[in-house]
Amino acid sequence: MKKNGKEIKEMGSQGLSLINTMAMTIAKKSVNSACSFIHHQPEIPSEMKKFKTTSKK
Amino acid sequence: MIKEWSRKIVSWQINKGILHNQDKEIYEYAYEVSIGQAANILITCFVAFSFQYYMVFLFMLAYIPLRTYAGGFHARNNERCMIFSTAILCAVCIVGKYVLIQRMIPVVILLEVLAVAVVLILSPVEDCNKPLNREEEKKYRKYAYVITFIEIMIAVVFYVLQKQEISKMIMITHIVMAGTLIMGSIKNRNIRKQV
(Lines give C-alpha, C1' and ligand atoms only; values in the text may rest on other atoms or scores of the structure.)
Protein backbone atom coordinates (compact mmCIF):
# COMPACT_ATOMS: atom_id res chain seq x y z
CA MET A 1 0.00 0.00 0.00
CA LYS A 2 1.51 3.29 -1.06
CA LYS A 3 1.60 6.01 1.61
CA ASN A 4 1.21 9.65 0.69
CA GLY A 5 3.53 12.45 1.84
CA LYS A 6 1.22 13.60 4.62
CA GLU A 7 1.04 10.12 6.15
CA ILE A 8 4.82 9.69 6.01
CA LYS A 9 5.29 13.11 7.66
CA GLU A 10 2.85 12.16 10.42
CA MET A 11 4.62 8.85 11.01
CA GLY A 12 7.93 10.70 11.19
CA SER A 13 6.67 13.17 13.77
CA GLN A 14 5.18 10.30 15.83
CA GLY A 15 8.54 8.54 15.71
CA LEU A 16 10.27 11.70 16.86
CA SER A 17 7.78 12.14 19.70
CA LEU A 18 8.57 8.61 20.82
CA ILE A 19 12.33 9.33 20.73
CA ASN A 20 11.75 12.58 22.65
CA THR A 21 9.76 10.71 25.31
CA MET A 22 12.52 8.11 25.61
CA ALA A 23 15.19 10.81 25.94
CA MET A 24 13.13 12.58 28.62
CA THR A 25 12.65 9.30 30.54
CA ILE A 26 16.42 8.72 30.56
CA ALA A 27 17.00 12.34 31.62
CA LYS A 28 14.46 12.07 34.48
CA LYS A 29 16.16 8.87 35.65
CA SER A 30 19.51 10.62 35.45
CA VAL A 31 18.31 13.56 37.55
CA ASN A 32 17.16 11.14 40.24
CA SER A 33 20.45 9.28 40.61
CA ALA A 34 23.99 10.06 41.71
CA CYS A 35 25.08 9.79 38.09
CA SER A 36 24.20 8.35 34.76
CA PHE A 37 26.57 5.45 34.21
CA ILE A 38 28.65 7.32 31.68
CA HIS A 39 31.70 9.17 32.96
CA HIS A 40 30.55 12.64 32.07
CA GLN A 41 27.86 14.47 33.97
CA PRO A 42 26.42 17.41 32.07
CA GLU A 43 25.20 20.37 34.09
CA ILE A 44 21.53 19.97 34.97
CA PRO A 45 19.39 22.85 33.65
CA SER A 46 17.38 24.54 36.40
CA GLU A 47 14.08 23.57 34.72
CA MET A 48 15.08 19.91 34.89
CA LYS A 49 15.24 20.10 38.70
CA LYS A 50 11.45 20.06 38.87
CA PHE A 51 11.66 16.35 38.01
CA LYS A 52 13.61 15.56 41.17
CA THR A 53 11.71 13.26 43.50
CA THR A 54 13.72 14.44 46.54
CA SER A 55 13.71 17.99 47.87
CA LYS A 56 15.81 20.43 45.83
CA LYS A 57 19.19 21.72 47.07
CA MET B 1 30.53 16.86 20.00
CA ILE B 2 27.54 15.14 21.70
CA LYS B 3 26.47 18.48 23.17
CA GLU B 4 26.58 19.99 19.69
CA TRP B 5 24.54 17.11 18.23
CA SER B 6 21.88 17.43 20.92
CA ARG B 7 21.65 21.18 20.27
CA LYS B 8 21.20 20.60 16.55
CA ILE B 9 18.55 17.89 17.05
CA VAL B 10 16.54 20.10 19.42
CA SER B 11 16.87 23.24 17.27
CA TRP B 12 15.74 21.29 14.20
CA GLN B 13 12.70 19.96 16.08
CA ILE B 14 11.85 23.47 17.34
CA ASN B 15 12.05 24.79 13.76
CA LYS B 16 9.76 21.97 12.61
CA GLY B 17 7.29 22.78 15.40
CA ILE B 18 7.69 19.39 17.13
CA LEU B 19 9.17 20.88 20.32
CA HIS B 20 8.44 24.18 22.04
CA ASN B 21 11.16 26.77 22.51
CA GLN B 22 10.59 26.89 26.29
CA ASP B 23 11.55 23.19 26.54
CA LYS B 24 14.82 23.74 24.66
CA GLU B 25 17.14 23.40 27.68
CA ILE B 26 15.58 20.28 29.13
CA TYR B 27 15.49 18.48 25.79
CA GLU B 28 19.09 19.44 25.06
CA TYR B 29 20.03 17.91 28.40
CA ALA B 30 17.84 14.85 27.72
CA TYR B 31 19.44 14.27 24.32
CA GLU B 32 22.96 14.83 25.65
CA VAL B 33 22.46 12.23 28.39
CA SER B 34 20.70 9.77 26.06
CA ILE B 35 23.21 10.02 23.21
CA GLY B 36 26.03 9.67 25.73
CA GLN B 37 24.52 6.49 27.13
CA ALA B 38 23.81 5.08 23.67
CA ALA B 39 27.40 5.83 22.65
CA ASN B 40 28.71 3.99 25.69
CA ILE B 41 26.56 0.95 24.95
CA LEU B 42 27.88 0.93 21.37
CA ILE B 43 31.45 1.24 22.67
CA THR B 44 30.81 -1.71 25.01
CA CYS B 45 29.57 -3.81 22.06
CA PHE B 46 32.58 -2.77 19.97
CA VAL B 47 35.05 -3.64 22.76
CA ALA B 48 33.29 -6.96 23.45
CA PHE B 49 33.44 -7.96 19.77
CA SER B 50 37.03 -6.76 19.39
CA PHE B 51 38.25 -8.81 22.36
CA GLN B 52 35.77 -11.64 21.65
CA TYR B 53 34.96 -11.42 25.35
CA TYR B 54 31.23 -11.14 26.02
CA MET B 55 31.48 -11.29 29.82
CA VAL B 56 32.04 -7.54 29.60
CA PHE B 57 28.24 -7.24 29.29
CA LEU B 58 27.98 -8.86 32.71
CA PHE B 59 30.40 -6.23 33.97
CA MET B 60 28.08 -3.51 32.64
CA LEU B 61 25.08 -5.26 34.17
CA ALA B 62 26.73 -5.16 37.60
CA TYR B 63 28.42 -1.79 37.13
CA ILE B 64 25.52 0.35 35.87
CA PRO B 65 23.17 -0.01 38.89
CA LEU B 66 26.00 0.44 41.36
CA ARG B 67 27.43 3.42 39.51
CA THR B 68 23.98 5.00 39.24
CA TYR B 69 23.68 5.29 43.01
CA ALA B 70 27.30 5.28 44.21
CA GLY B 71 28.43 7.97 41.76
CA GLY B 72 32.16 8.49 41.35
CA PHE B 73 34.59 10.10 38.96
CA HIS B 74 33.26 12.06 36.00
CA ALA B 75 35.30 13.24 33.06
CA ARG B 76 35.20 16.92 32.18
CA ASN B 77 33.55 16.40 28.79
CA ASN B 78 31.95 13.69 26.67
CA GLU B 79 35.07 13.02 24.60
CA ARG B 80 37.24 12.37 27.66
CA CYS B 81 34.40 10.30 29.08
CA MET B 82 34.44 8.04 26.04
CA ILE B 83 38.22 7.61 26.14
CA PHE B 84 38.05 6.83 29.87
CA SER B 85 35.13 4.38 29.44
CA THR B 86 36.85 2.60 26.56
CA ALA B 87 40.09 2.28 28.55
CA ILE B 88 38.18 0.79 31.51
CA LEU B 89 36.32 -1.66 29.27
CA CYS B 90 39.55 -2.75 27.56
CA ALA B 91 41.20 -3.23 30.97
CA VAL B 92 38.19 -5.28 32.14
CA CYS B 93 38.43 -7.48 29.02
CA ILE B 94 42.18 -8.02 29.43
CA VAL B 95 41.92 -8.85 33.16
CA GLY B 96 38.79 -10.94 32.64
CA LYS B 97 40.22 -12.91 29.76
CA TYR B 98 43.82 -13.44 30.83
CA VAL B 99 43.94 -13.36 34.64
CA LEU B 100 43.14 -16.68 36.27
CA ILE B 101 41.74 -15.96 39.73
CA GLN B 102 41.98 -19.61 40.78
CA ARG B 103 45.73 -19.15 41.10
CA MET B 104 45.55 -16.20 43.47
CA ILE B 105 42.45 -16.55 45.60
CA PRO B 106 43.85 -14.80 48.74
CA VAL B 107 44.89 -11.72 46.72
CA VAL B 108 41.51 -11.58 44.97
CA ILE B 109 39.60 -11.88 48.25
CA LEU B 110 41.75 -9.16 49.82
CA LEU B 111 41.15 -6.86 46.82
CA GLU B 112 37.42 -7.56 46.93
CA VAL B 113 37.23 -6.79 50.67
CA LEU B 114 39.15 -3.54 50.17
CA ALA B 115 37.03 -2.56 47.16
CA VAL B 116 33.76 -3.23 48.99
CA ALA B 117 35.03 -1.28 52.00
CA VAL B 118 35.81 1.69 49.74
CA VAL B 119 32.37 1.46 48.11
CA LEU B 120 30.62 1.32 51.49
CA ILE B 121 32.65 4.16 53.01
CA LEU B 122 32.76 6.62 50.11
CA SER B 123 29.46 6.20 48.27
CA PRO B 124 27.76 8.30 47.11
CA VAL B 125 30.38 10.55 45.52
CA GLU B 126 28.68 13.53 43.93
CA ASP B 127 29.75 15.47 40.86
CA CYS B 128 30.15 19.27 40.88
CA ASN B 129 27.51 19.42 38.12
CA LYS B 130 25.09 17.45 40.25
CA PRO B 131 25.44 18.23 43.96
CA LEU B 132 23.47 15.92 46.25
CA ASN B 133 21.42 17.06 49.22
CA ARG B 134 21.31 15.19 52.55
CA GLU B 135 18.15 13.30 51.60
CA GLU B 136 19.65 12.14 48.31
CA GLU B 137 22.94 11.16 49.93
CA LYS B 138 21.12 9.02 52.47
CA LYS B 139 18.87 7.44 49.86
CA TYR B 140 21.64 6.70 47.33
CA ARG B 141 23.97 5.33 50.03
CA LYS B 142 21.24 2.91 51.06
CA TYR B 143 20.68 1.81 47.44
CA ALA B 144 24.45 1.42 46.89
CA TYR B 145 24.70 -0.77 50.02
CA VAL B 146 21.80 -2.97 48.91
CA ILE B 147 23.16 -3.38 45.36
CA THR B 148 26.67 -4.17 46.68
CA PHE B 149 25.25 -6.75 49.09
CA ILE B 150 23.17 -8.42 46.35
CA GLU B 151 26.17 -8.52 44.01
CA ILE B 152 28.39 -10.07 46.71
CA MET B 153 25.74 -12.73 47.32
CA ILE B 154 25.53 -13.47 43.58
CA ALA B 155 29.34 -13.69 43.37
CA VAL B 156 29.48 -16.12 46.32
CA VAL B 157 26.68 -18.30 44.92
CA PHE B 158 28.32 -18.56 41.48
CA TYR B 159 31.71 -19.23 43.06
CA VAL B 160 30.23 -22.17 44.98
CA LEU B 161 28.53 -23.35 41.77
CA GLN B 162 31.96 -23.40 40.08
CA LYS B 163 31.02 -20.52 37.75
CA GLN B 164 34.05 -18.47 38.73
CA GLU B 165 33.93 -16.32 35.60
CA ILE B 166 30.77 -14.65 36.88
CA SER B 167 32.21 -14.13 40.38
CA LYS B 168 35.38 -12.72 38.85
CA MET B 169 33.41 -10.20 36.79
CA ILE B 170 31.48 -9.00 39.86
CA MET B 171 34.74 -8.60 41.79
CA ILE B 172 36.26 -6.64 38.89
CA THR B 173 33.14 -4.43 38.97
CA HIS B 174 33.69 -3.65 42.66
CA ILE B 175 37.39 -2.92 42.11
CA VAL B 176 36.63 -0.56 39.20
CA MET B 177 33.85 1.07 41.23
CA ALA B 178 36.22 1.61 44.18
CA GLY B 179 38.74 3.17 41.80
CA THR B 180 36.24 5.62 40.34
CA LEU B 181 34.97 6.51 43.83
CA ILE B 182 38.51 7.27 45.05
CA MET B 183 39.23 9.34 41.92
CA GLY B 184 35.92 11.17 42.31
CA SER B 185 36.62 11.97 45.97
CA ILE B 186 40.09 13.29 45.13
CA LYS B 187 38.66 15.41 42.31
CA ASN B 188 35.98 16.86 44.61
CA ARG B 189 38.57 17.61 47.31
CA ASN B 190 40.76 19.43 44.79
CA ILE B 191 37.78 21.46 43.55
CA ARG B 192 36.88 22.42 47.14
CA LYS B 193 40.48 23.50 47.76
CA GLN B 194 40.43 25.77 44.72
CA VAL B 195 37.20 27.48 45.78
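No experiment lies behind these values; they were computed from the predicted model shown. In what follows, every chain begins at residue 1, and chains take the letters A, B, ... in the order their sequences are listed.
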Can you tell me if [atom1] on [X] sees more than 12 non-hydrogen neighbours from other groups inside 6.0 Å?
X: B:Phe57; atom1: CZ; result: yes
X: A:Met22; atom1: CE; result: no
X: B:Phe46; atom1: CZ; result: no

Distance-only donor-acceptor hits, side chain of residues 2-9 of chain B, under 3.5 Å, sequence neighbours excluded:
from, atom 1, to, atom 2, distance (Å)
B:Ser6, OG, B:Ile2, O, 3.1
B:Ser6, OG, B:Lys3, O, 2.7

Can you hop from [X] to [Y] via hydrophobic side chains spaced under 4.5 Å?
X: B:Met177; Y: B:Ile152; answer: no
X: B:Val99; Y: B:Val107; answer: yes
X: B:Leu58; Y: B:Phe158; answer: yes
X: B:Ile94; Y: B:Ile166; answer: yes
X: B:Phe59; Y: B:Leu61; answer: yes

(message) Within this structure, what is the CG-CD distance for the pair A:Leu16 and B:Gln13, rounded to the nearest 0.5 Å?
(response)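 Here the interatomic distance stands at 4.5 Å.
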(request) Any chance you could measure B:Ile18, atom CD1, to A:Asn20, atom CG, to the nearest 0.5 Å? (result)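 B:Ile18 CD1 to A:Asn20 CG: 7.5 Å, rounded to 0.5 Å.
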(request) Would you please go through residues 139-148 of chain B and name the residues with a non-hydrogen atom below 4.5 Å from one of chain A, in numerical order? (result)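 Within residues 139-148 of chain B, the residues under 4.5 Å from chain A are B:Lys139, B:Tyr140.
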(request) Could you tell me which portion of B:Ile35 (side chain, backbone, both or neither) has an atom closer than 4.5 angstrom to a non-hydrogen atom of chain A? (result)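 Contact with chain A involves no heavy atom of B:Ile35 at all.
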(request) Measure B:Ala39 against the heavy atoms of chain A and call it side chain, backbone, both or neither at under 4.5 Å. (result)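 Neither part; nothing is under 4.5 Å.
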(request) Could you look at A:Lys28 and say if it's the side chain, the backbone, both or neither that has a heavy atom under 4.5 Å from chain B? (result)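 For A:Lys28, no heavy atom lies under 4.5 Å from chain B.
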(request) Measure across B:Ala70 and A:Ala34 and return the closest heavy-atom pair with its distance rounded to 0.1 Å. (result)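 Answer, listing the atom of B:Ala70 first, then A:Ala34: C-CB, 4.3 Å.
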(request) Could you check if a side-chain atom of B:Val33 sits within less than 4.5 angstrom of a side-chain atom of A:Lys29, using non-hydrogen atoms only? (result)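 B:Val33 does not reach A:Lys29 side chain to side chain.
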